[in-house]
Amino acid sequence: MVERLVAIASSAKTPEGAAVAAIREILDRGYGKPTQAHEHGGLGGGPIAVDLTGATDEQLAALGALFGPLAAAGAAAGGDPGGTGAA
């Protein structure tokens, strides 16, 4: 596959756009794709608000099982296990 990309990139008959695409693929394979920063936040960059008032007991139990260990880890590290304090 890489040999084919090199042939495409180095051929004088290859259109410039295709050569650039082939070179990009070669570099992605050799060096990896550049990382992209993602930031998730709520309105105005604040915390993401989640309304659980309509959740059933079963749904709340599932969330507790999923996130409970994270809250416990936060408490041990001096974090905010309730998730209600300032960041």
Side-chain angles (χ1 to χ4, degrees):
M1 177 80 172
V2 173
E3 294 84 12
R4 176 105 170 99
L5 291 169
V6 170
I8 292 169
S10 59
S11 173
K13 296 179 182 178
T14 302
E16 185 177 345
V20 169
I23 291 167
R24 184 178 298 120
E25 289 297 320
I26 292 167
L27 291 172
D28 285 349
R29 283 170 175 69
Y31 294 101
K33 292 188 177 190
T35 58
Q36 295 182 2
H38 296 282
E39 187 174 319
H40 302 285
L43 189 60
I48 298 172
V50 179
D51 181 8
L52 298 175
T53 56
T56 65
D57 288 341
E58 183 177 285
Q59 292 168 329
L60 292 172
L63 287 171
L66 187 66
F67 293 112
L70 296 175
D80 179 24
T84 56

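Enclosure of atom CG in L43 is not indicated, since only 12 or fewer non-hydrogen atoms of other residues, nucleotides or ligands lie within 6.0 angstrom.
Transitive grouping of hydrophobic side chains (ILVMFWY, heavy atoms separated by less than 4.5 Å) keeps I23 and M1 in distinct clusters. Under a hydrophobic clustering in which Ile, Leu, Val, Met, Phe, Trp and Tyr are joined whenever their side-chain heavy atoms come within less than 4.5 Å, directly or via other members, Y31 and V2 fall into different clusters. Side-chain heavy atoms closer than 4.5 Å link hydrophobic residues (I, L, V, M, F, W, Y) into clusters, and following such links, possibly through other members, connects L63 to V50.
Screening residues 10-24 for side-chain hydrogen bond (donor to acceptor under 3.5 Å, both in side chains), with sequence neighbours left out, gives no hits.
Closest non-hydrogen pair, A9 versus I26, comes out as CB-CD1, 4.4 Å. Nearest heavy atom pair, residue I8 against residue A22, reads CG2-CB, 3.9 Å.
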